[in-house]
Amino acid sequence: MRKPNFENLLKVLRNERPDRPTLYEFIVNDKFLMRAAGITSEAIDWDNDEKLMKMRFKGFAALGYDYASVMNIGMQFLYAKQEHVQSISQNDGVMITDRKSFEEYPLA
């Protein structure tokens, strides 16, 4: 198993030649990461952000990534009420539509 090296990803982002091929995924399924880390679903406390991050770190490392994505942990954005129909538009419920609504967006 290779040792993660974040500098390898930084080289790619700076448009430099990395030391080796670089794996990158914007989102990786938690169940897939658990399997890679050797952790069962029953062992995960889905309400504990710290334990979820540690599981993700182990999963990304086991898969040979040089980084770990920790999106959506402890971060949530407010959104307006969405209409509940058979499908939901990704644009439904947006709260920022112009500079004025951006400046008025509640931060807490």
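Computed from a prediction, not measured in an experiment: that's the story for all the values here.
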Validation: residues 23-34 side-chain donor-acceptor distances under 3.5 Å, sequence neighbours left out:
unit_1	atom_1	unit_2	atom_2	d
N29	OD1	K31	N	2.7
N29	OD1	F32	N	3.2
D30	OD1	R56	NE	2.7
D30	OD1	R56	NH2	3.2
D30	OD2	R56	NH2	2.7

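Within the model, atoms CE of M55 and NZ of K58 stand 10.5 Å from one another, a figure rounded to the nearest 0.5 Å. Note that CG of D47 is 8.5 Å distant from CG of L52, once rounded to the nearest 0.5 Å. N8 CG to R17 CZ: the interatomic distance, rounded to the nearest 0.5 Å, is 11.5 Å.
Taking both residues in full, the closest heavy atoms of A37 and G59 are given as CB-N, 3.7 Å, listed atom of the first, atom of the second, then distance. For the residue pair A61 and P4, the shortest heavy atom distance occurs at CB-CG, 4.2 Å.
Using a 4.0 Å cut-off between a side-chain N of Lys or Arg and a carboxylate O of Asp or Glu, E104 and R99 do not qualify as a salt bridge.
Between the side chains of N5 and D66, no donor N or O sits under 3.5 Å from an acceptor N or O.
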Step by step, would you call K11 with E7 a salt bridge (charged side-chain N to carboxylate O under 4.0 Å, His left out)?
CA-CA 6 Å; K11 284 182 179 182; E7 184 61 33; 5.6 Å; no

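Between L63 and F60, the closest side-chain pair of non-hydrogen atoms is not below 4.5 Å.
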